[in-house]
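Here is the structure we will look at.
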Protein chains: 2
Amino acid sequence: MTNDALRPEDLARGMVGRLSPELRARLAPLCSETRVVEGRRLFSTAQERLDESVLLLDGLMGRYVRDKQGRQQMVAIQVPLDFVDLHSFPLGSLDHEVEALTTARLAVFPHETLRAALRDDYELMEALWRLTLIDGAIHRHWTFRLGRLRALAGIANFLAEMDCRMRIAGVGEEGGYALPLTQPDLSDACGMSPVHVNRILRELREAEICTLAGGHVQIMNRDKLYRTGDFRQDFLYDIL
Amino acid sequence: MTNDALRPEDLARGMVGRLSPELRARLAPLCSETRVVEGRRLFSTAQERLDESVLLLDGLMGRYVRDKQGRQQMVAIQVPLDFVDLHSFPLGSLDHEVEALTTARLAVFPHETLRAALRDDYELMEALWRLTLIDGAIHRHWTFRLGRLRALAGIANFLAEMDCRMRIAGVGEEGGYALPLTQPDLSDACGMSPVHVNRILRELREAEICTLAGGHVQIMNRDKLYRTGDFRQDFLYDIL
DNA sequence: AGTGGCGCCTAACAAATGTTGCTGCGCTTG
DNA sequence: CAAGCGCAGCAACATTTGTTAGGCGCCACT
């Protein structure tokens, strides 16, 4: 009962690339199909019943908490080879919305298939559990960023985190990485007004640290970026 | 192979109280012992290797992310019947520190014992997985609070969340609840300066919403507290 | 070709938040 | 008992951040 939807070698990078080759080989056939969704489209809503989880293969997706006043806060961003909503497998639904930020290619894992496999594969189960916990560790990192860092450090920290994660995902380069986010997007992620995001980006530009233009982050001084953002290079490596 | 350290009826409230009676009966004997730790003591440090997880029976514990500059952000707070560091079971270590905020009584679950039991109990495994994911949902809620709410709403939101969780834990009352946190503690949790916390508490007091004094939150107008904090009463119930 | 929307950018002003420094009080500790 | 320390409270001032408003350019419509 092999499946052509996803080959084990597709899982050799990014977050899932941290799993052992054996585990990746057991995970791949649990994918029922791949799917493409358009950018800037709501993918799933809070409280909606879900019977499948998806792994992001290409593109960017964002997760949002919204309140009645229409305020919206991005609570997570997924880069290629991240599971987007694996936590809906044990939970059954999500407490937030998921949106495709760009056109995205997804690998679909039906919960039924997962459950059947994990019942007989304790090792794989614990590995997937661990992946959802890394998600939690990144949440804590965001909590720290939003709670303790001023705007300049906060933006720098976010851009540094994305740099790290993009490189792990295999889509980063020495000089920077593609980040198709607008300034309003950044303001959703970093908890500040779009106008202030603009101010800070100018500051980063004038300090010759990095620029964000045309959906691309160009890093002029990576070391300074990481220091400005108080970002520990090893942070993501420790938990991955 | 029963164990007197923890009786199933001890688990009938709080977060773990949401598990079915059958699951609680299977969970209780996995506790090896109970332990008491003193307040304001570091309980475990980041990156430390852990071979047991603990469930908080009494008291309060806080989880902190610290950076080299000494800034410290509380990223989670545990109320009775919360698992404090269950995520260290799949992960092996934590990315943050844990501190007892008050004298605390703990139920200890050795990882070895857990692993042996969960290998043969898929249902219990998924239930514990789910508990760690609820932790993540609360993280997202904090991200929203820190990113989107101004100081007044932020403090109100935090106090409302604690009200909810204390009641679920069975230690809340109609008129308020014990919260042995200082104003500096609150500033760690809410991402603002202690002086500003003081200002906001005065505002809440003068608006006759609630007071925090002597380690006790007195709620004069719960409805107004929840509305000021933009807190959905049902939030925690949905995810629990 | 015109038009509308949206993102980027800036400036001026308003409001929120941080910092510093001081007081007083209660607790612990010597 | 005195000294020291940490917390609550407050005020004055500095800094950061939000808000409002407007201009420009690009792109997708019609």
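So you know, we letter chains A, B, ... as the sequences are listed, proteins then strands, and number each from 1. FYI, side chains are in, hydrogens and waters are out, and symmetry mates aren't considered; it's all heavy atoms of this structure.
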Acceptor/donor pairs from residues 200-219 of chain A side chains to any protein atom, 3.5 angstrom cut, sequence neighbours excluded:
none

Dump the pairs, protein N or O against N or O of nucleotides 27-29 of chain D, anything under 3.5 Å, distances to one decimal.
none

**OP:** With sequence neighbours left out, write down each residue that passes side chain to side chain contact (heavy atoms under 4.5 Å, CB included) with A:Ser193, or none if nothing qualifies.
**Re:** A:Val195, A:His196
Original post:
Got a sec, which residues hit side chain to side chain contact (heavy atoms under 4.5 Å, CB included) with B:Asp10, two or more places apart in sequence or on another chain?
Top reply: B:Leu6, B:Arg7
Subject >> NZ/NE/NH1/NH2 to OD/OE distance under 4.0 Å, A:Asp95 and B:Arg140 >> reply: yes
In whole angstrom, give the distance that lies between atom [atom1] of [X] and atom [atom2] of [N].
X        : N      : atom1 : atom2 : value
A:His196 : D:dT15 : NE2   : P     : 15 Å
B:Ile200 : C:dA16 : CD1   : C1'   : 9 Å
A:Met192 : C:dA16 : CE    : P     : 18 Å

Original post:
Between the axis at one end of the helix from C:dA1-D:dT30 to C:dG30-D:dC1 and the axis at the other (five pairs apiece), what's the angle to 10 degrees?
Top reply: 40°
**OP:** Starting from the C-alpha separation in whole Å, work towards a yes-or-no answer on side-chain contact (heavy atoms from CB on, under 4.5 Å) for A:Arg71 and B:Asp230.
**Re:** CA-CA 11 Å; A:Arg71 276 179 297 219; B:Asp230 196 13; 2.9 Å; yes
Identify, with sequence neighbours excluded, every residue that meets side chain to side chain donor-acceptor pair (under 3.5 Å) alongside [X].
X        : value
B:Arg41  : B:Glu38
B:Glu48  : B:Thr45
B:Tyr177 : none

Original post:
Quick one: on DNA chain C, does B:Arg199 or A:Arg199 contact a more 5' nucleotide (nearest heavy atom)?
Top reply: A:Arg199
**OP:** Could you go through the salt bridge (Lys or Arg N to Asp or Glu O under 4.0 Å) check for B:Glu174 and B:Arg222 one step at a time?
**Re:** CA-CA 9 Å; B:Glu174 198 41 53; B:Arg222 177 169 280 116; 3.0 Å; yes
Restricting both atoms to N or O, compile the protein contacts to nucleotides 6-10 of chain D shorter than 3.5 Å, with distance only.
unit_1, atom_1, unit_2, atom_2, d
D:dA8, OP1, B:Gln183, N, 3.4
D:dA8, OP2, B:Gln183, N, 2.8
D:dG9, OP2, B:Gln183, NE2, 2.8

**OP:** Name every residue in residues 144-151 of chain B that has at least one heavy atom under 4.0 Å from any atom of DNA chain C, in order of residue number, or write none if there are no such residues.
**Re:** B:Arg150, B:Ala151
Original post:
How would you list, by chain and number, every residue that makes a ring pair (Phe, Tyr, Trp, His ring centres under 6.0 Å) with B:His141, sequence neighbours excluded?
Top reply: B:Phe231, B:Phe235
Original post:
What about the rings of B:Phe83 and B:Phe109, do their centers lie closer together than 6.0 Å?
Top reply: yes
Side chains of residues 49-58 of chain B: which donor-acceptor pairs under 3.5 Å do they make with residues two or more places apart or in other chains?
unit_1, atom_1, unit_2, atom_2, d
B:Glu52, OE2, B:Arg35, NH1, 3.0
B:Glu52, OE2, B:Arg35, NH2, 3.1
B:Ser53, OG, B:Asp85, O, 3.0
B:Ser53, OG, B:Ser88, OG, 3.2
B:Ser53, OG, B:His111, NE2, 2.8
B:Asp58, OD2, B:Arg105, NE, 3.4
B:Asp58, OD2, B:Arg105, NH2, 3.1

Subject >> Criterion salt bridge (Lys or Arg N to Asp or Glu O under 4.0 Å) on A:Asp188 and B:Arg148, from CA distance to verdict >> reply: CA-CA 9 Å; A:Asp188 286 337; B:Arg148 276 295 166 251; 3.5 Å; yes
